[in-house]
Amino acid sequence: MESELSNKPTRRRSKKRKLSKRRLKIKGRKRTTEKGISPLVEKYWRQRYNLFSSYDDGIKMDEEGWFSVTPEEIAIRHAERSGGGCVIDCFSGVGGNTIQFAKMCHHVVAIDLDPHKVELAFNNAKIYGVEDYIDFIIGDFFQLASSLKGDVAFLAPPWGGPSYKTIPNFSLDLLKPKDGYSIFQAAQAITPNIIMFLPRNVDLRQVEELSWLSSPPLNIEIEENYVQNHLKGITAYFGGTAFGKLNL
Ligand code: MGP
Ligand code: SAH
C-alpha cells in the first residue's frame, strides 16, 4: 500500500514532469534552429541518417534538398537495378541517387537546373569519395535530353513540395517542371531503360500508361519503397530495368 502510494505522482510532481518535458522539447527546437533548420525541414532533419548515413561527415543540404532527397536505402536499391553502365540522373538534386549510382556504376551524368544544388551534390559526392565518377551539369534536362547518351535514365523530378501527400490520387500532370508524360518522353530520347521515383499516392493506372507510349509497349514493374516500415515512394522500372537487374 505504501509503495503504491509512493509510486503515484502527486499533482505537484506530475506538473514538474510536464514542465521539464516541455523544456526538453524547447531545447530540441532551439538546437535545430541554431543549425539553420527551418520548421519545414525539421522532420526530415530527424531522419538525416536515413537520408545520408555519412551525414555527420559534412553533408550539405538546402530546403528543397531536405524534402526531396531519396533515402539512402532506396537510392541503393535504384543503383542495384541499374546494371552498372552509364546512368543519366536527370534531376540530381543534392545527390542522394547520384552518389549511389556512382558507387555501383561505370559513370553518372548528374543534371540539375539549380547551380546551388549542383554545388551541394558535388560536396556530398566528395564525402562519399565518388566525385570522379560523375559529370555534374548545370542545365535544363528538357534542353539536354536529345544530346545525351546513357544506358539508364533516372527520373526523380519535383513533386510540388511536401504537400503532395494531401492529394488522394496524385496525377502525373502534377509533376514539375512539366507533366509526367512529357518528362517520360524526353527520357525516351535517351534510352527505353527508365527508372522513375514517384509519390506513394501516384495514380498507378497513369504510370502503367507511360509504357504504352512506346510501340511495342515497354516492360514495366512497379515497386513500393519502404524505410523502417514507412512507405516513402513508388519506383517504376521500364524497359530492360523491369523484372530484375538490367543486363548490359
Ligand atoms: P514525405 O512524404 O514528405 O516525408 O517524403 P515522410 O517522412 O514520408 O512524411 P510523412 O509525413 O508521411 O511521415 C517522403 C520521401 O519522398 C522523401 O524522403 C523524398 O525521398 C521523396 N520526396 C518528397 N518530395 C516532396 C519529393 C519531391 O518533390 N521530389 C522528389 N524527387 N522526391 C520527393
Ligand atoms: N533524386 C534527388 C532529388 C531530386 S529533387 C536526390 O536524391 O537528391 C528534383 C530536382 O530537380 C531539384 O533539385 C530541382 O532543382 C531539379 N529540377 C527542376 N527542374 C529541372 C530541369 N528542368 N532540369 C533539371 N533539373 C531540374
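In each ligand, atom 1 is the first atom listed, and ligand 1 is the first ligand listed.
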**Q** When only distance counts, is Pro162 in polar contact with ligand 1, meaning an N/O pair under 3.5 Å?
**A** no
**Q** Does the N or O separation between Leu51 and ligand 1 drop below 3.5 Å for any pair?
**A**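 N/O-N/O distance below 3.5 Å does not exist for this pair.
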**Q** Do Val109 and Val87 come within less than 4.5 Å of each other through their side chains, counting heavy atoms only?
**A** no
**Q** Between Tyr44 and Phe67, how do the two ring planes meet: parallel, tilted or perpendicular, split at 30° and 60°?
**A** tilted
**Q** What do you reckon, does Pro158 put a non-hydrogen atom under 4.0 Å from ligand 1?
**A** yes
**Q** Around atom 25 (N) of ligand 2, find the nearest protein heavy atom and jot down its residue, atom name and distance.
**A** Leu113 N, 3.2 Å
**Q** Among protein heavy atoms, which sits nearest to atom 23 (N) of ligand 2, and what does the distance come to when rounded to 0.1 Å?
**A** Phe141 N, 3.0 Å
**Q** Is there any N or O on Leu231 that sits under 3.5 Å from an N or O of ligand 1?
**A**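 N/O-N/O distance under 3.5 Å: no.
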**Q** How close does the nearest protein non-hydrogen atom get to atom 17 (N) of ligand 2, and which residue and atom is it?
**A**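 Result: Phe91 CD2, 3.8 Å.
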**Q** Show me which atoms of ligand 1 lie under 4.0 Å from any heavy atom of Phe197.
**A**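 By the 4.0 Å cutoff, the relevant atoms are 20 (O).
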**Q** Would you say the side chains of Gln185 and Lys178 form a donor-acceptor pair under 3.5 Å?
**A** no
**Q** Is it true that the side chains of Thr235 and His78 contain a donor and an acceptor less than 3.5 Å apart?
**A**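 Yes, because at least one side-chain N or O of Thr235 sits under 3.5 Å from a partner of the opposite role on His78.
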**Q** Among protein heavy atoms, which sits nearest to atom 22 (N) of ligand 2, and what does the distance come to when rounded to 0.1 Å?
**A** Asp140 OD1, 3.0 Å
**Q** For atom 16 (C) of ligand 2, what is the nearest protein heavy atom, given as residue, atom name and distance?
**A** Asp112 OD2, 3.3 Å
